[in-house]
Peer 1: 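Would you mind keeping the following structure in view while I ask a few things?
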Amino acid sequence: MQYWLMKSEPDVYGIDDLMAQPDQTDHWDGVRNYQVRNMMRDQMKVGDQAFFYHSNTKVPGIVGIVEIVREAYPDFTAWDPESKYYDPKSDPDKPRWFMVDVRFVRKLRRVIALQELREQPELQDMKVVQKGCRLSITPVTEAQWRHVLGME
DNA sequence: GCCAACGTTGGC
DNA sequence: GCCAACGTTGGC
């Protein structure tokens, strides 16, 4: 089992939006970065767990936990001209972009702010605390996962 | 294949 | 809203 951190802007799609879905499950659409696509497509497995992270907000940080419940399949928003994720270069016969389905597991008892993560010597190597990290999905080691939960 | 220009991300 | 970081695009 692997661990991940998945970023989303709460103004666009926050953890409360996921909780409001039927089965508290939704697809993670809109990934338009090749590195992230490759991780999602090649490495993410059903049963993996991920931190749900709120970015671009007053207090960015980890707010909850989700689980991968469906492995990568084509991101159909790439073919929808009405979607803001529309990509005319994605050929339905050879999909360029992929998404997974995630299910809400729980909220953390409190938000663990990016600032706090940065203060932890044990988390120096965590991708999300590194300068200039713009990937919306990053891997988390088991040690990092446990450490974050210990801060809750 | 280089690289400047441009666009996006996301913390602050 | 600013701007640093960095990915993508496209001319050459």
Side-chain angles (χ1 to χ4, degrees), chain A residues 2-21 26-44 48-68 71-102 104-141 143-152:
Chain A
Q2 304 166 99
Y3 299 99
W4 308 93
L5 180 142
M6 303 173 80
K7 290 183 192 172
S8 188
E9 301 186 25
D11 290 346
V12 178
Y13 193 97
I15 196 159
D16 291 330
D17 296 301
L18 178 60
M19 287 174 74
Q21 296 301 314
D26 207 352
H27 50 269
W28 195 272
D29 61 17
V31 167
R32 295 294 179 268
N33 172 285
Y34 290 103
Q35 264 182 276
V36 175
R37 178 203 66 181
N38 293 347
M39 272 192 295
M40 225 172 31
R41 187 189 56 191
D42 304 335
Q43 291 176 248
M44 274 190 154
D48 286 359
Q49 294 209 312
F51 287 131
F52 197 114
Y53 176 96
H54 280 175
S55 66
N56 213 355
T57 187
K58 197 179 285 182
V59 182
I62 296 169
V63 296
I65 296 174
V66 300
E67 183 175 331
I68 309 305
E71 281 165 30
Y73 60 103
D75 182 342
F76 50 78
T77 64
W79 304 319
D80 175 6
E82 302 299 310
S83 169
K84 70 172 197 167
Y85 301 123
Y86 179 56
D87 180 0
K89 285 180 280 191
S90 181
D91 178 350
D93 293 328
K94 204 165 177 291
R96 174 179 297 212
W97 303 115
F98 290 81
M99 58 188 175
V100 296
D101 285 355
V102 298
F104 173 80
V105 173
R106 69 178 180 90
K107 279 190 181 182
L108 297 192
R109 289 194 284 276
R110 65 184 192 87
V111 176
I112 300 180
L114 175 62
Q115 194 185 337
E116 293 176 71
L117 298 175
R118 289 220 162 102
E119 287 164 359
Q120 304 288 315
E122 296 87 346
L123 300 180
Q124 296 283 1
D125 295 332
M126 200 171 168
K127 300 285 183 211
V128 76
V129 308
Q130 282 162 17
K131 193 168 139 185
C133 172
R134 295 167 52 203
L135 301 181
S136 58
I137 301 179
T138 48
V140 173
T141 67
Q144 291 163 352
W145 182 270
R146 288 180 195 283
H147 187 85
V148 170
L149 291 180
M151 297 167 66
E152 195 178 353

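If you're wondering where the values come from, they're calculated on a predicted model, not measured in any experiment. A, B, ... follow the sequence lines: proteins, then strands. Residue 1 opens every chain.
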Peer 1: Which residue, H147(A), M126(A), Q144(A), forms the side-chain contact (heavy atoms from CB on, under 4.5 Å) with Q120(A)?
Peer 2: H147(A)
Peer 1: So that I can tick it off, tell me whether R37(A) and D75(A) are bridged by a salt bridge, with the cut-off set at under 4.0 angstrom between side-chain N and carboxylate O.
Peer 2: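 Result for this pair is no, no salt bridge flagged.
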Peer 1: Over how many whole Å does the gap from Q130(A) atom CD to dA5(C) atom P extend?
Peer 2: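 Value for this atom pair: 14 Å.
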Peer 1: For residues 52-66 of chain A, pull every pair meeting side chain to side chain donor-acceptor pair (under 3.5 Å), keeping only residues two or more places apart or in separate chains.
Peer 2: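 Qualifying pairs, neighbours excluded: E9(A)-N56(A).
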Peer 1: Is there a side-chain polar atom (N or O) of K7(A) under 4.0 Å from OP1 or OP2 of dT9(B)?
Peer 2: no
Peer 1: On a heavy-atom basis, which atom in S8(A) and which in W28(A) lie closest, and how many Å separate them?
Peer 2: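 Nearest heavy atoms, S8(A) then W28(A): CB-CH2, 4.0 Å.
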Peer 1: Please give, in whole Å, the distance from dG10(B) C1' to R118(A) CZ?
Peer 2: 10 Å
Peer 1: So if I take every side-chain heavy atom of R134(A) and compare against dT8(C), dC12(B), dG7(C), which nucleotide ends up nearest?
Peer 2: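 Minimum distance to the R134(A) side chain belongs to dG7(C).
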Peer 1: Please report, rounded to the nearest Å, how far the P atom of dT9(B) is from the CD atom of Q35(A).
Peer 2: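 Answer to the nearest Å: 15 Å.
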Peer 1: What is the separation between atom NZ on K84(A) and atom C1' on dG7(B), rounded to the nearest whole Å?
Peer 2: 14 Å
Peer 1: Is the closest basic N to carboxylate O distance between K84(A) and D29(A) below 4.0 Å?
Peer 2: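 Salt bridge between K84(A) and D29(A), a charged N being under 4.0 Å from a carboxylate O: no.
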Peer 1: Report which part of the nucleic acid R32(A) touches: base, sugar-phosphate, or nothing (heavy-atom distance under 4.0 Å, all strands).
Peer 2: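 Since no nucleic acid heavy atom lies under 4.0 Å of R32(A), the category is nothing.
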Peer 1: Distance check: side-chain N/O of K131(A) vs OP1/OP2 of dA5(C), anything under 4.0 Å?
Peer 2: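 So the side chain of K131(A) is within the cut-off, an N or O lying under 4.0 Å from OP1 or OP2 of dA5(C).
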Peer 1: Counting only heavy atoms and a strict 4.0 angstrom limit, can you tell me which residues of residues 50-60 of chain A come near DNA chain B?
Peer 2: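 Only Y53(A), S55(A), N56(A), P60(A) qualify.
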Peer 1: In terms of heavy-atom contacts, does CD of Q115(A) have more than 12 from other residues, nucleotides or ligands at under 6.0 Å?
Peer 2: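 Atom CD in Q115(A) is not crowded, with 12 or fewer foreign heavy atoms closer than 6.0 Å.
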Peer 1: Taking atom P of dA5(C) as reference, at what distance in whole Å does atom CG of N33(A) sit?
Peer 2: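 Answer to the nearest Å: 18 Å.
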